[in-house]
Undergrad: 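Take this structure first; my questions come after.
We're numbering straight along the sequence, starting at 1. Note that the structure is predicted; figures quoted are calculated from it, not measured.
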Amino acid sequence: MGIALKLIIIPAMVLLAASCSMKNYEPVADLATVQQLYAEGDYRGAVQGYERLVEQAPQDDQLWFRLANAYARLGQPEAAVAAYRNALLRNPDQAKAWHNLAEIHLQMALQVYLEAAQHMQPDDPLQQLLKSKRQKLIEVLDTDAIMER
């Protein structure tokens, strides 16, 4: 093979290999774009974007906080709890993260009380206690919702 041909083929092969690897490349998440997805209610898209952002900047407590909020909006409380914990690990003074973490736990507790009621016999002595606690949680959650507006 001639030198001139090698000079053409080798760079062409390098470009071909580079273009093949580019097909699997995920673009870097842009914070403004991800925030826009969240604002528009595209929580699945926001979660995907925030997940990429926390991979790029794992020490950024605000990104973890925003990811947690997106998980919460998406109805994934366990993932939200984990992300809030990550935010607080990086910045334990983040009051909003503490508040939202507590809210998620209250909502999860309410779900457990509701589920328990479905599986208990009507004459079970705990039925009344669970009903009372469930009602208190509903009141607390409604009060907080009003206060947040």
Side-chain angles (χ1 to χ4, degrees), residues 10-149:
I10 292 174
M13 291 175 65
V14 170
L15 285 174
L16 180 61
S19 69
C20 288
S21 67
M22 292 292 281
K23 291 177 184 174
N24 295 328
Y25 174 76
E26 282 191 38
V28 173
D30 176 317
L31 179 59
T33 301
V34 177
Q35 288 175 314
Q36 184 66 33
L37 291 170
Y38 184 91
E40 293 171 354
D42 182 358
Y43 303 121
R44 189 171 313 284
V47 161
Q48 291 172 352
Y50 284 128
E51 285 175 342
R52 285 195 303 268
L53 287 169
V54 297
E55 285 177 12
Q56 296 166 16
Q59 293 305 315
D60 189 327
D61 64 290
Q62 285 298 309
L63 291 177
W64 283 105
F65 174 75
R66 292 174 177 170
L67 174 60
N69 288 343
Y71 277 132
R73 295 285 185 166
L74 199 54
Q76 296 181 11
E78 293 87 2
V81 166
Y84 285 129
R85 291 277 181 203
N86 271 299
L88 291 166
L89 180 67
R90 285 146 179 85
N91 179 5
D93 297 329
Q94 195 180 128
K96 287 182 181 180
W98 283 113
H99 174 267
N100 290 5
L101 178 61
E103 284 291 308
I104 288 288
H105 279 297
L106 288 172
Q107 292 170 9
M108 291 171 72
L110 178 58
Q111 289 303 314
V112 171
Y113 280 125
L114 292 169
E115 188 176 345
Q118 294 174 353
H119 298 282
M120 294 179 75
Q121 299 300 319
D123 60 343
D124 190 311
L126 285 176
Q127 187 68 269
Q128 189 57 39
L129 178 62
L130 289 177
K131 184 177 180 181
S132 172
K133 288 187 176 189
R134 183 175 63 234
Q135 187 57 40
K136 288 177 183 176
L137 271 175
I138 289 169
E139 290 169 11
V140 166
L141 288 168
D142 283 346
T143 300
D144 283 348
I146 291 167
M147 291 174 64
E148 289 296 314
R149 288 183 190 164

Undergrad: Could you report the tightest heavy-atom contact between L126 and M120, atom names first, then the distance?
TA: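 Between these two residues, the closest heavy atoms are CB-CE, 3.5 Å.
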Undergrad: Say you draw a straight line from CD of Q128 to CG of L130; how long is it, rounded to the nearest 0.5 Å?
TA: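 It is 9.5 Å, given to the nearest 0.5 Å.
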Undergrad: I want to check something: taking the side chain as every heavy atom from C-beta on, are Q48 and V34 in contact at a cut-off of under 4.5 Å?
TA: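 No - every pair of side-chain heavy atoms lies 4.5 Å or more apart.
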Undergrad: Out of curiosity, D42 CG to R73 CZ, how far, rounded to the nearest 0.5 Å?
TA: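 These two atoms lie 13.5 Å from each other.
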Undergrad: Using the rule given for side chain to side chain contact (heavy atoms under 4.5 Å, CB included), can you reason through Q62 versus Q94, listing the C-alpha separation, both sets of side-chain angles and the distance that settles it, and then say yes or no?
TA: CA-CA 9 Å; Q62 285 298 309; Q94 195 180 128; 3.5 Å; yes
Undergrad: Determine all donor-acceptor pairs shorter than 3.5 Å in which one atom belongs to a side chain in residues 106-117; sequence neighbours excluded.
TA:
none

Undergrad: I need the minimum non-hydrogen distance between I104 and A72, along with the two atoms involved.
TA: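 Closest pair (atom of I104, atom of A72, distance): CD1-CB, 3.7 Å.
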Undergrad: Please lay out, stage by stage, how L137 and K133 fare under the test side chain to side chain contact (heavy atoms under 4.5 Å, CB included).
TA: CA-CA 6 Å; L137 271 175; K133 288 187 176 189; 5.9 Å; no
Undergrad: Can you tell me how far the CG atom of L53 sits from the CD atom of E55, to the nearest 0.5 Å?
TA: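 Result: 9.5 Å between the selected atoms.
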Undergrad: Can you confirm whether R134 is buried at CZ, in the sense that more than 12 heavy atoms of other residues, nucleotides or ligands lie under 6.0 Å from that atom?
TA: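 Counting other residues, nucleotides and ligands, CZ of R134 exceeds 12 neighbours.
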Undergrad: Quick one: side chains of residues 75-93, donor-acceptor pairs under 3.5 Å with protein atoms, not counting sequence neighbours, listed by atom name and distance.
TA:
from, atom 1, to, atom 2, distance (Å)
Y84, OH, N69, OD1, 2.4
Y84, OH, N100, ND2, 3.3
N86, OD1, R90, NH1, 3.0
N86, ND2, A82, O, 3.1
R90, NE, P58, O, 2.3
R90, NH1, N86, O, 3.0
R90, NH2, P58, O, 3.3
N91, OD1, D93, N, 3.1
N91, ND2, D61, OD2, 3.3

Undergrad: When rounded to the nearest 0.5 angstrom, what distance separates CH2 in W64 from CD in E51?
TA: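 Going from the CH2 atom of W64 to the CD atom of E51 covers 8.5 Å.
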